[in-house]
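Remarks on the structure that follows.
Both backbone and side-chain heavy atoms feed into the values below; hydrogens, waters and symmetry mates do not. Reminder, nothing fancy here: chain letters follow the sequence lines and each chain counts from 1.
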Amino acid sequence: MFKPLTATNLSEIKVFYKFRYVVSPRVLENIFDKLRLEDTYGDCKDLKVMDLNAGPAQQSIIFNNRYRCKQHLLMDNRPQFTNFWERNLKKSHFQMSPQDPYDWESYLMLIDHQKLFVPEKQPRDHIHNKFLIMGNLTDKKEEGLLMQWYNCVGQKNWLQRFGRVKMLLWVPTSSARKLLAPASSTQRAKCSLVCETFTDSKIIALTQDEESDLFDKKLLDKFDPIWVDYSSTLPQKFSKTKKSPMCLLEIDPLDFELNKGNWDYVTQHLMIQKSTPLIDAIESLGPGATDFFTKQINDPEFMKRCPYTFSAEEFIYLSDIYFRWPFKPDVFMNLFNAQQEE
Amino acid sequence: MLRTIVKPSCHSATITNRLIHSQYIQIRNITTKNSVLRDNMSIISDTRTSTIQPPDTVFQQSFLRSNFLNKNKNRPQDNISAEFKLFTGTQNSVSLTMADKRDVMSLWSLLEACLQSNYTERSFSILKSLYEIKSHRKTFIDDYNYYFNHIAKDFKNVKLMSDKLQKDLTVHFVDIQPNDKTVAILIHQTLKLARKNNDIMNNSTRQNLELFFSMSSSGFKKICSNIDILTLDDYKTLHLDLDMIRDYQIPTNIRDLVARKNITMKNVSSEDVKKIEKEHNDKNDHNDIVVNSTNLVTDSVTSKASEPPMKLDEDVKTVEKDATKLMNVDTLGMRVIKHTLFGLSLNEEQKEKIAKFNFEAPDNVLDVNDKRTVNFYEMYKNLKTDEEKEMFETTLEEFNQNRQQTLEVRATDAAKERWRHDFEEAKARGDLSIQKSLNSKLWKWYTEMLPLLKKEIEDCKRYLNKETLQKSATNRTDYAPYLTLVDPEKMCVIVILELLKLNSTGGISEGMRTARAVISAGKSIEMEFRSEQLLKNESYLLKDINKKSNEFKQYVRNAKKSLRSLKLDESKIIWPQQIRAKVGSVLISMLIKVARVPVEGRDPISGERVFGDAPAFSHSYQYHNGVKLGVIRIHPALIHQLNGERLMASVQPQLLPMLVKPRPWVNWKSGGYYYSQSSLIRTKDSPEQMAYIEAASKSNAIDKVYDGLNVLGETSWTVNQRIFDVVSKVWNNGKPFLEIPGVQITPNYLPQPAPDADPSVVNSWKQKNREIANEFAANRSMRCDMNYKLEIARAFLGEKFYFPHNMDFRGRAYPLSPHFNHLGNDMSRSLLIFWKGKMLGKDGLRWLKVHLANLYGVNKIPIEGRVQFVEDHMDEIRDAVENPLNGKFKWWQTADKPWQTLATCIELVEALKLENPEEFISHQPVHQDGTCNGLQHYAALGGDMVGASQVNLIPDSKPNDVYMHVANIVRANLQKKVEANPDDEIAKFFIEKLNRKIVKQTVMTHVYGVTLIGATLQIDKQIHDMLGDRTLSLQYSKYLAKAVFAAIRQSFQGAHLIQDWLGECCNRISKSIRLDLDKKSIGKGKKPEFMTSIIWTTPLNLPIVQPYREISKKQVNTNLQTVYISDPFAVNKINARRQKAGFPPNFIHSLDASHMLMSATKCREDGLEFASVHDSYWTHASDIVTMNKNLREQFVALHEVDLIERLKDEFDERYKNYVQISKIPKSSDMAAEIMARKDTMAIELGRAVTYVDELQFEQERLALLNSEFEDDVKKGQEMVTTISLAKGSEELFSEKERKGEQNMLTILTPLELPEIPAKGDFDVASVKESTYFFS
DNA sequence: TTATTATCTACCGACAATATCAATAATTAGCCG
DNA sequence: TAGCTAATTATTGATATAAGTAATAGATAATAT
């Protein structure tokens, strides 16, 4: 049992790098109550946890007190936090890594080279029951990394190569809104499709603010999240720009099989003109796409619909058609374009 | 009834909006259902009123030094004077606010379009809009005249016409007075009607004419000067038949034509013609060859209609150029050009005439009947006497006049014919050929697109005629007037060529950016339209003349020739960018609809090959850094057909080298090509720049600039065939050679990693492939560019040609024709030689050798050493000439500039073959380059002794090398550092490794204001291989960059002070505001936006306006997508950073440009051929000594005036009543005073004082001071404002004080520029004796 | 008014984001006795 | 048909987009507090 950090401890941290962390033990306990991780990890005695951008690590402490997992690694490369650990977590049994969670190399190093943290590889027929990823990406700028982690689920690489590894991520509420936007929502974006196609994502908790107000009420009702007050978070003093409304997502990867390259290409291009009827938008897949798709789909009503109304399944259907197109352009062509000259 | 109730306008509606709105209401009942005016103005949306205003005319009076103009006029050869002109407020257009100006421009283009398409009603409503723009009123009559001239031709009688005018000017356009042009229109129409009704001598006609003549106060002569209105017949009738105008009232250049009583237009007796011909010939003192030669030329304008379609196969085949065939030669664009060149090949008669020349040359050159090249250059070279040469050139010139016209005007026709020809040929061979032949495809697209386009044009016309009641497509309302201007056939051809040309541009490998495509397509249409207009205007004056009379044509031609150079005041109308985009997109979307290509693919499931057809183009998007980018993709199948090379289509036929001397520059819009309009200055659509140039042009202040540019344009060139042969051999080989990359069909991408590979692996794969794609694209574009160059060179083999020039905004000259010119790379330079040859002579031979050494890279040793160097390498040189590619030594290939080296080797060896090499006729340009020209000017300005000697301004026995010098200083400084600190590893490293090359780029770019990090990266590029580690090498580089900066500062102290002074001036000016600025632009309590750009005039009076402003872009809807384009007329605050960074280099460049132009003029006076590449000057070897002398003298002449002082004087006056924002310590007395005054002001006003108030008070004070009444002046003197109190604050507080102090008060203070730094001891006159100044 | 954060980084020739949605302005349609 | 409101259409401004952020580091402008 490691005592949760006190306000005095935490006041050592001066800068939060625009991130936000829940530090109230009570709120954290509530959250874990709701998560019911026991259902997945049982007694947790084989559970390994990777805690990315762990920050003040209050959540890690509460978690570990509760579940006593086999291995718990905190990763953060920001001096405010690593120094804080140095001073306050010396006696904990956390494994601390000062590497950059942003850098893919950090994981290769830890797992493949130094073998300091080696998760078990499990088949994809169930959620991984010995490996959990926790993380905090609450700065808006980290949205890119969040999307990449989501993408890793689709690619089955990075930490997701070990199986369907659950992720508990604190993310900006605005990002969560995009990710969870259902079909026919105006918020629907390509990343919503990533989320819907590759994961089962749920809102567990969120801060109440103007961002959370923008969430679709029905959606929130469905998740029935825990409302977190800013008083249970750090930093306490913040300006408008550093408010960082945030939201905890429980992300369970799904089992799926598909040609990701084609799928990416099709979704990306169609979602550019998401409110344009398919019949008009489809040609942007390549010269002659209209002819081929119209013939293959053979459903004028479908062609009249707009991409933002399509479900994940419908996009898979479209990317299957794309796959069958003999004259399809190389989906990687445009990845190499557009660089500046000397 | 007019609607009288105007709804209250909304908040955001600005002045212009309101204006438009009210007009709309006024005009409603004139136009029908559709509101034309809304349409008129719909492209005008952003309506902020301007705050860019040049100083008003009150200021201007005092600015113009009265003696300046006279002085200049009387002594055109005058040296540079310390006087300057400001060109402010001299033009109405300048004093327009920018927003108004934009409205005017938009309306102009619309007016032009509507009139050309005869939408008179609509045109009239546009006129009304123009009339409503108050600031435009003064010149409104010109617009009205334009309109009136168009509609006047439809009047049945004179009464109707004058009634219309009467009504317009009294009812609709109150207060507008007719001017001389209005009168000219009335007269012309009256005469025309009279002629038709055969009552010229009728009394009423005479009465009408007399009445009209009396309408304008400007006098008969002025009225008669409208040669764009009055025709030759009119002049004749007025002068000869009616005797209403006198001889001297007729414009001089056509007086001769009119005065000849015996020529009537109806019947020209053959005797008369002979007489004329005789007179003409006598006058020119030509012999019979020339007389005959005149028949070489047919009047192309008159013959155009009746001319049979070109027969491509025959023409092209008969005059096959005798040169190595190039790979990819069979490309579209070049065929067009070649065809036009060949298509005008000599007919039998012409050949005969040419054969009459007394050639002394091998038969193959002579025999024009042989199916070989007509190589004018060989012919010319082989003529024996100067007389014959001169005669030959005259003949060629006349012959080329028409070829030039064809080249500029008929290129699209030629392309189209070519396609059809290829299609028919392919059809004859069967379906397969059609599939294979690119041109056949293009023809098919063309035929399919044409009906679509015609239908669209019909729709547009219906819309414009209000026939259609249903809503038009929203974009059509904007583009409709413009789409009806150009022949649809031409538009199809243009848009097809445009799309093919843009393949692989903008970083897209199989396509192009949509934005760029639509805009350039629109621009091309506009250019075509403009060119047609020019053509129309040209023949206007003579349009009534009987065209059938064959003999008379010659006469006409002569008249035209004299008129050609006289096209004054050409169209200043430009289509708004949005219109270009819309026009372009409608055409492109049509092409996308019809253009298809056969394609081949593989069924992913069965694996079978599948054939089909697909659109050749498709519209799509890409993401670039998460940002969308519209692209037009080209189907890979078509890309394949283009064989990996970009099509040659983009060689805009209008912009090739010219076959005749360019039209001389006479004003800012007139010069260069004959049928495509170019502007003196390459303004980036900046209205501010244009306004100043126009003002300068109108006041005839920049004639010297024109002179200089004309010299550059008159230099005649031809292609160096021997180099061409070598280059084409290398080219066809397809392998990399020197800087020519090898042929590569597709990039060799790395295979895709497994889908579940680690992200880092995927990323590095992407990264590497991106690099591969980049390199591939770079190589291809390089090869493409080379291909252009070679193709143009090939087309112009044996031709005599010229490069028309214009200037960038600093005054540096550039050829108008892209790709192939003397500013190009080593290869294109080597392909160019002077058409005229000059005997080497003693000096020439020597300089040819020096030149060779310079090109090789041996240019840092004394002249004699260079001569010696060449003499020591004669074996290698001979080897290079005998066997350039497979010689023993391949010496030339190791040169700095290999191709030019080879060219010079050949010239030298040829000369040495002669018994007396000094008698060799040389065509090779020999260069004289300044040693770091920017620093030369800086040193002269700063009077630096050390600096001046390092850049060879001071006579010396050997040339100095700045780069070496700087490197040495750096090394010495490092040495000291090591002595002080033996552990300084970096210093030690560089003491060992430092060389000239490492510092060269940094020294060079230092003049351009390179920053520390920029220099660091440059140096890093040089050294990172030595160190390997990236972070380490950057660390080292930064260290050295600092050291280099210090060293430069050390040795060019004076120069540096100047540079700093320029920078500080710029700082202050760009943070200043006009006292009388639009107060509304200042937000409540906010700081005003800075709008003042740096403006100065060069020693040649060219006004230079730095165009750096924040750009504001808007999305514009087009048929394909929205495009994001900037509105050039938007009023934006300046970009202070760029203003500051750009000013020092721009100022220096404006000086070196002046130097060049002055030198050019001088050299031409001395009879030299002259060309320049900014700071490299070219002439014949024999003339180098003269040129060098001229260069030095002109440099001295330029710098004899203290140019910095001149600049300061100019700034002081130009920015006289400007106010800058500054900070002073709160603790100072001045601050206290200002605060106190502010408090009293606040009490006076009863509220807190704003910046606006402060400005208002100061303005009041100045107004009082300038008042006529003594009382007021006295009041003004007594008045104290916060700003008057702040006078002198800049000098009062030093930089340090400002930095150190925490508590600062922001104040407004009159703009004051820092004192000029003291000049060093260097006397610029010593340059006259400095041999190595340029070498 | 001051502290933090974003931007930009050598001149010229030279060359470029876009779809969508919500809010608001402008225009048209419709209404009635 | 005048004069009003309702309905429709056009315009404008804000926002999201993708998804390694190649390296650098220091001055300065812009923005938020």
Tell me what A:Lys237 touches on the nucleic acid: a base, only sugar-phosphate, or nothing, going by heavy atoms under 4.0 Å.
nothing

Which nucleotide in C:dA19, D:dA23, C:dA16 has an atom nearest any side-chain atom of B:Thr1122
C:dA19

Provide the distance between the two C1' atoms, one in C:dC11 and one in C:dT4, to the nearest whole Å.
33 Å

If you take the centroid of each ring, where Trp contributes its six-membered ring, are B:Tyr621 and A:His269 closer together than 6.0 Å?
no

Are the aromatic ring centres of B:His822 and B:His1174 under 6.0 angstrom apart?
no

A:Tyr102 stacking on D:dT21: centroids under 5.5 Å, ring planes under 30°?
yes

Which nucleotide in the set D:dA18, D:dA16, D:dG20 lies at the smallest distance from any side-chain heavy atom of A:Lys178?
D:dA16

So if I apply the side chain to side chain contact (heavy atoms under 4.5 Å, CB included) rule between B:Ile519 and each of B:Ile1125, B:Thr1118, B:Thr514, which one comes out positive?
B:Ile1125

Quick one: is B:Tyr1124 getting a side-chain N or O under 4.0 Å of the C:dA17 phosphate, OP1 or OP2?
no

Residue-phosphate contact under 4.0 Å: B:Lys1114 side-chain N/O, D:dT11 OP1/OP2
no

How is B:Asp1020 classified with respect to the nucleic acid when contacts are heavy atoms under 4.0 Å: base, sugar-phosphate, or nothing?
nothing

OP1 or OP2 of D:dG20 under 4.0 Å from side-chain N/O of A:Gln148:
yes

As a test of reading the structure: which of D:dT17, C:dC11, C:dC12 is closest to the side chain of B:Lys684, going by heavy atoms?
C:dC12

Looking at B:Gln1121, does any N or O in its side chain come under 4.0 Å of the phosphate oxygens OP1/OP2 on C:dT18?
yes

Any base atoms under 4.0 Å from B:Arg1137, or only sugar-phosphate, or nothing? Heavy atoms, all strands.
base

Going by distance alone, is a donor N or O of one side chain under 3.5 Å from an acceptor N or O of the other, for B:Asn1119 and B:Asn475?
yes

Looking only at atom C1', what distance separates D:dT33 and D:dT17, rounded to whole Å?
30 Å

Interatomic distance at C1', D:dG20 relative to C:dT18, whole Å:
23 Å

Inter-nucleotide C1' distance (D:dT24, C:dA14), Å rounded
27 Å

Any side-chain N or O of B:Ser1126 below 4.0 angstrom from OP1/OP2 of C:dA16?
no

Spacing of the C1' atoms in C:dG30 and D:dA2 (rounded, Å)
14 Å

When the C1' atoms of C:dC15 and D:dA22 are compared, how many Å lie between them, rounded to an integer?
26 Å

Select base, sugar-phosphate, or nothing to describe what A:Leu145 touches, counting heavy atoms under 4.0 Å on all strands.
base

Phosphate OP1/OP2 of D:dG26 contacted by B:Lys1038 side-chain N/O (<4.0 Å)
yes

Check every strand shown and say whether B:Ala1136 touches a base, only sugar-phosphate, or nothing at a heavy-atom separation below 4.0 Å.
nothing

Would you indicate which nucleotide in C:dA16, C:dA17, C:dC12 comes nearest to any side-chain atom of B:Arg810?
C:dC12

Selected nucleotide, minimal atom distance to A:Gln273 side chain, candidates C:dA10, C:dA19, D:dA18:
C:dA19

Quick one: do the B:Arg810 and B:Asn1146 side chains pair a donor with an acceptor below 3.5 Å?
yes

For B:Gln1106, run the side chain to side chain donor-acceptor pair (under 3.5 Å) check against B:Lys1140, B:Gln1139, B:Gln689 and tell me which one passes.
B:Gln1139

Does OP1 or OP2 of D:dG20 have a side-chain N or O of B:Lys766 closer than 4.0 Å?
yes

Can you work out whether B:Ser520 or B:His619 has the more 5'-proximal nearest nucleotide on DNA chain C?
B:Ser520

Below 6.0 angstrom between ring centroids: does that apply to B:His1006 and B:Tyr938?
no

Does C:dT5 have its OP1 or OP2 closer than 4.0 Å to a side-chain nitrogen or oxygen of A:Lys242?
yes

D:dA19 phosphate, OP1 or OP2, under 4.0 Å from A:Gln268 side-chain N/O
yes

Nearest heavy atom decides the nucleotide; on that basis, is B:Ala515 or B:Thr1005 closer to the 5' end of DNA chain C?
B:Thr1005

Test ring pair (Phe, Tyr, Trp, His ring centres under 6.0 Å) applied to A:Trp149 and A:Trp104, A:Tyr107, A:Phe198, A:Trp158, the passing residue:
A:Trp158

State whether the distance check finds a donor on one side and an acceptor on the other, under 3.5 Å, for side chain A:Glu143 versus base D:dA19.
yes

Could you check which of D:dG20, C:dA6, D:dA18 has an atom nearest any side-chain atom of A:Trp104?
D:dG20

For a quick check of understanding: with a heavy-atom distance under 4.0 Å over all strands, which category does B:Arg812 fall into, base, sugar-phosphate or nothing?
nothing

Closest-nucleotide ordering on DNA chain D, the 5'-leading residue of A:Cys191 and A:Glu142
A:Cys191

Rounded P spacing from C:dT20 to C:dA16 in Å:
24 Å

Would you check, one step at a time, whether the test salt bridge (charged side-chain N to carboxylate O under 4.0 Å, His left out) holds for B:Arg682 with B:Asp808?
CA-CA 5 Å; B:Arg682 299 176 186 214; B:Asp808 67 18; over 6 Å; no

Side chain of B:Asp808 only, heavy atoms from C-beta on: which candidate in D:dT17, C:dG13, C:dA19 is closest?
C:dG13

Take B:Gln1018 and B:Thr1002 through the side-chain hydrogen bond (donor to acceptor under 3.5 Å, both in side chains) test and state the conclusion after the steps.
CA-CA 7 Å; B:Gln1018 290 168 0; B:Thr1002 305; 3.0 Å; yes

Nucleotide pairing, DNA chain D (Watson-Crick or G-U, distances under 3.5 Å), in dot-bracket with [ ] and |
..|||||||||||||||.......||||||||.

Between C:dC11, D:dT33, D:dA25, which nucleotide has the shortest distance from any of its atoms to the side chain of B:Ile1013?
D:dA25

On DNA chain D, nearest-nucleotide positions of A:Asn151 versus A:Arg188: which is more 5'?
A:Arg188

Picking from D:dA18, C:dC11, D:dA30, which would you name as closest to the side chain of B:Lys1133?
D:dA30

For C:dT20, take OP1 and OP2 only and decide whether either is under 4.0 Å from a side-chain N or O of A:Thr276.
yes

Using atom P in both nucleotides, what's the gap between C:dT7 and D:dT21 to the nearest angstrom?
16 Å

Tell me what B:Val1123 touches on the nucleic acid: a base, only sugar-phosphate, or nothing, going by heavy atoms under 4.0 Å.
sugar-phosphate

Distance test, side-chain N/O of A:Lys141 to OP1/OP2 of D:dT21, below 4.0 Å:
no

Atom pairs under 3.5 Å: protein N/O with N/O of nucleotides 21-23 of chain C:
unit_1	atom_1	unit_2	atom_2	d
C:dC21	OP1	A:Ser275	OG	2.7

Can you confirm whether more than 12 heavy atoms, excluding those of A:Leu214, are under 6.0 Å from its CG atom?
yes

Using a 4.0 Å heavy-atom cut-off across all strands, classify B:Leu823 as base, sugar-phosphate, or nothing.
nothing

